[in-house]
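Quick caveat, the model's predicted, so the values are computed rather than measured.
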Amino acid sequence: MSLDEIFQYLSTADKPCIVAIDEFQTIMDYPEQNVEALLRTYIQDCNNAWFVFSGSKRHMMGEMFSSPARPFYQSASTMSLKPIPLDSYSSFITYHFEQGGLQIEPEAIQYIYDKFEGTTWYIQKICNELYAMASPDSPCDIKEVDIAINYAVEEKDDTYQDLLTRLSAKQKALLIALARSGKNAQPTSGDFIKKYHLSSASAVQRSLSSLQEKDIITNENGKYYIYDYFLYYWLTKK
């Protein structure tokens, strides 16, 4: 179905519509030219629908809606969604395990939640691995969570190896340093550069900019970190 057909349907629907577009930042990867501007024009002329744009890559989403040079500049109100509370997750996960005649220890659920800081995709991925591994005879525990995480990380080995080959030596060294240092790193500080044997603050800054442009790292309140948790855990073994 073409954009013309989609928006014609929305415009002529017998009641107002709500359109939610997930991972909206991926439109920047489309091979066609000016996709953002084209979509913005369609949305601007559509009077019978409200749009919700969501995305997991905060840096890219922020750039799309806060840069004056971009078509969607100030076209929507922005909000950041906090993680689902642990109690809600615990009830949800326990229920679905029990529906399958399986069990999972509360400590294991909290361990998963803490490892991925409440990030839904990773929690669901690991719980799915655990569900496949589980036996009705014994509840899943923390040891099995570690096995599931290792399996999920190893599954991405080829992808991450390819990623590293496309980075310069300085970018690769900085990325590994960021993984080893955790989220509170100050990569341009003298202590950080000395500890991880990096070259200079200016070289680190250039590498930070490049890694952020490649959407491998993100910056939150002045702290740089790797947003892909599986990549993060994979790199800690390097």
*Side chains of Tyr122 and Asp228: do they bring a donor and an acceptor to under 3.5 Å?*
yes
Within the distance-only criterion (no hydrogens, no angle test), does the side chain of [X] pair as donor or acceptor with the backbone N or O of [Y] below 3.5 angstrom?
| X | Y | value |
| --- | --- | --- |
| Thr165 | Asp162 | yes |
| Ser210 | Arg206 | no |
| Ser90 | Leu86 | no |

[Y] side chain reached by [X] side chain, heavy atoms, under 4.5 Å:
| X | Y | result |
| --- | --- | --- |
| Leu174 | Ile217 | no |
| Phe65 | Ser75 | yes |
| Ile112 | Ile123 | yes |
| Leu178 | Pro187 | yes |
| Lys115 | Tyr233 | yes |
| Glu107 | Asp141 | no |
| Ser54 | Ile21 | no |
| Leu163 | Arg166 | yes |

Distance, nearest 0.5 Å, that separates [atom1] of [X] from [atom2] of [Y]:
| X | Y | atom1 | atom2 | value |
| --- | --- | --- | --- | --- |
| Gln186 | Phe192 | CD | CZ | 10.0 Å |
| Gln8 | Tyr42 | CD | OH | 10.5 Å |
| Tyr196 | Ile176 | OH | CD1 | 11.5 Å |
| Ile109 | Cys127 | CD1 | SG | 7.0 Å |
| Glu63 | Met28 | CD | CE | 6.0 Å |

*Mind running side-chain contact (heavy atoms from CB on, under 4.5 Å) on Tyr151 and Glu129 for me, showing each step along the way?*
CA-CA 8 Å; Tyr151 178 80; Glu129 297 288 352; 3.4 Å; yes
_Walk me through whether Phe116 and Phe230 qualify under ring-ring contact (aromatic ring centres under 6.0 Å, His included)._
CA-CA 9 Å; Phe116 299 104; Phe230 289 160; 5.8 Å; yes
*Search all heavy atoms of Gly118 against all heavy atoms of Pro83 and return the closest pair with its distance.*
O-CB, 3.7 Å
_Could you report the tightest heavy-atom contact between Ala152 and Ile126, atom names first, then the distance?_
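For Ala152 and Ile126, the tightest heavy-atom pair comes out as CB-CD1, 4.0 Å.
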*May I ask you to check whether over 12 heavy atoms, not counting those of Lys237, lie within 6.0 Å of atom NZ?*
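Result for NZ/Lys237: enclosed.
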_Surrounding CD of Glu23 (heavy atoms of other residues, nucleotides or ligands, distance under 6.0 Å), is the total greater than 12?_
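Atom CD in Glu23 is packed in, count exceeds 12.
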*Any chain of hydrophobic side-chain contacts (each under 4.5 Å) joining Ile6 to Leu38?*
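Per the 4.5 Å side-chain linkage, Ile6 and Leu38 are co-clustered.
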_From CA spacing to verdict: side-chain hydrogen bond (donor to acceptor under 3.5 Å, both in side chains), Asn48, Ser11_ = CA-CA 5 Å; Asn48 197 39; Ser11 298; over 6 Å; no
_Cation-aromatic face contact Lys125/Tyr229, 6.0 Å, 45 degrees_ = no
*In terms of the angle between their ring planes, are Tyr113 and Tyr89 parallel, tilted or perpendicular, with boundaries placed at 30° and 60°?*
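Rings of Tyr113 and Tyr89: perpendicular, over 60°.
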*asked:* Tell me whether the rings of Phe53 and Phe24 are parallel (<30°), tilted (30 to 60°) or perpendicular (>60°).
replied: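 Tilted.
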